[in-house]
Amino acid sequence: VRKTLLQRQLVGTIVKTSIKSNTLLQKYFFEYNDKYVGKLLSFPAENYKSKVVFTDELIKKYYEEHKNNFVSPARIKVDYLIFSDKTISDNLTSNQISDEEINNYYQSNLQKFTSVEERKVNHILFNKDDKSKAEEILQTLLKNSQNFAEVAKNNSIDPISAKNGGDVGFIKKDFEISNIADAAFQIKNKGDIFPQLIETNFGLHILQLTDIKAKMQQPLADVKNEIINILKAQKAQKLFAEQSENFTNSVYDQADSLEPTAKQFNLKIQHTDWISQGDLIADDGEKYAFITPKLADTLFDKNFIEEKHNSDAIDIGNNALVSARIAAYEDKKQQSLSAVENEIKEILMQQEALKLAKKDVDDLLNNKELLSKNFANKSKENTFEISQMSVLEHTDSKVFHPEIVRTILSFPKNKTKQLPLYKSVEIVDNNNPNNNGYYLIQLENIISKNDGKNNIVINNQTEPTYMHL
């Protein structure tokens, strides 16, 4: 179904564009559905690394030619203060919340501290086609419900509750299956059965009430700590609004240190390890969440670093302000050859391995007989069948690197008389080095979805390409 909808969506998209002829519509649709069939030979760079030989002179030469690639970025250590409703709340003690405030909040929010009535039920579920059977069992259980659990185990089509004697658990009046909830809250006594079959989208139910949790108000003593925390948070929000300007003025007026502001607002000065701008870009938002783009621009500003002052108080959202200063600074510096030697070796290893892989590919392309033999010996695992539509749908059973897919789909259709056709592609994937290498593609056929009568074939059904445009 999903495939058909995607294909129809493609046709619809083409129709809504400025394409005004059936010929062009056919062309675009067939191009998306034409299937490219062939085989793939892989020449992984990893297989050639053992053959690579390079000297110290080559390592040094690469280092000298690429020195700019081996420069450590400027980095800083930061001291900072965060002033927020949370830091204020953490500094508030329980003694700062009076009993009168606690009691007033409790009385004004009794509903919040009162649990609603819940009812525990068992059920037996039947298919709607088995109404006569369900009715017969209901009448039997209405006379004697003591063996309800056993009847549920033997007859209910709900496998999860059946093995537990039909136990559904406790439900509230707002239970998602309203018919069940309505019936459960009509039953008067524990053990009683609702006198009628209940019909839902799932089938027919026999319902038994097994327990009742009465509506209950929590005593003030049980919720006192919860109320204290709520009131502390409310006070903290109010104090934050009142004191934000004072914090802002303090870090500005006493710009040579964060200490006076920390003492005034009972805050702890926090510290980072070394940070570069690259670290901030790579951060997932947890470690340096307080460093907003605005604060980052300030921290790495040359004048700010030289002045060694507090930053302005910057709003970082969620009722929080931050002020920071540079604790230490290191300018960018050239890394020594010894520090980056292993990195260079890996780069050279990769480059030389790719060269060796390319040589093998080129040798094959220049020897048609050997080329055919290599492809003939490959198993079915090395075959592919790809169309642009299958790529859009992600329906291919095999997953190829995007560059391989692009290369396969780039074979010219006007040269099918010269099949098989060959292309090579180089893959250098820093995110997944295991993909690195050369790949040789043999295109054996291009299968068109055109049925020969200018019709589009969707799920084996032909649809004429004439439409109201």
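Note that the structure is a prediction, hence the values are computed from the model and not measured. Values below: all heavy atoms of this structure, side chains included; hydrogens, waters and symmetry mates excluded.
Within the 4.5 Å cutoff, the side chain of Leu258 has no heavy atoms near those of the Thr261 side chain.
Cation-pi check for Lys423 over Phe411 is met; the charged atom lies under 6.0 angstrom from the ring centroid and within 45 degrees of its normal. Under a cutoff of 6.0 Å and an axis angle of 45°, Lys345 and Phe54 do not form a cation-pi pair.
Between Phe43 and Tyr439, the ring centre distance reaches or exceeds 6.0 Å. In this structure, Phe384 has its ring center at least 6.0 angstrom away from the ring center of Tyr36. Here the two rings, on Phe375 and Tyr422, have centers that are under 6.0 Å apart.
Of all heavy-atom pairs between Phe175 and Ala181, the closest is CB-CB, 3.9 Å.
Taking the six-membered ring where tryptophan is involved, the planes of Phe265 and Phe247 are perpendicular, since the angle between them exceeds 60° and thus also 30°. Using a 30° and 60° split on the angle between ring planes, Tyr288 and Phe290 fall in the perpendicular class, above 60°.
Using a cut-off of 4.0 Å between Lys/Arg side-chain N and Asp/Glu carboxylate O, Arg119 and Glu117 are scored as salt-bridged. A salt bridge links Glu101 to Lys235: one of the charged nitrogens lies within less than 4.0 Å of a carboxylate oxygen. Salt bridge status for Arg406 with Glu403: present, with a side-chain N to carboxylate O gap under 4.0 Å. A salt bridge is absent between Glu65 and Lys60: the closest approach of a Lys/Arg side-chain nitrogen to an acidic carboxylate oxygen does not fall below 4.0 angstrom.
The local environment of NZ in Lys49 is crowded, with over 12 non-hydrogen atoms from other residues, nucleotides or ligands closer than 6.0 Å.
Under the ring pair (Phe, Tyr, Trp, His ring centres under 6.0 Å) criterion, no residue pair touches residues 324-361, with sequence neighbours excluded.
A donor-acceptor contact shorter than 3.5 Å is absent between the side chain of Ser42 and the backbone of Pro44.
Residues that satisfy the ring pair (Phe, Tyr, Trp, His ring centres under 6.0 Å) test with Tyr438, not counting sequence neighbours, are absent from this structure.
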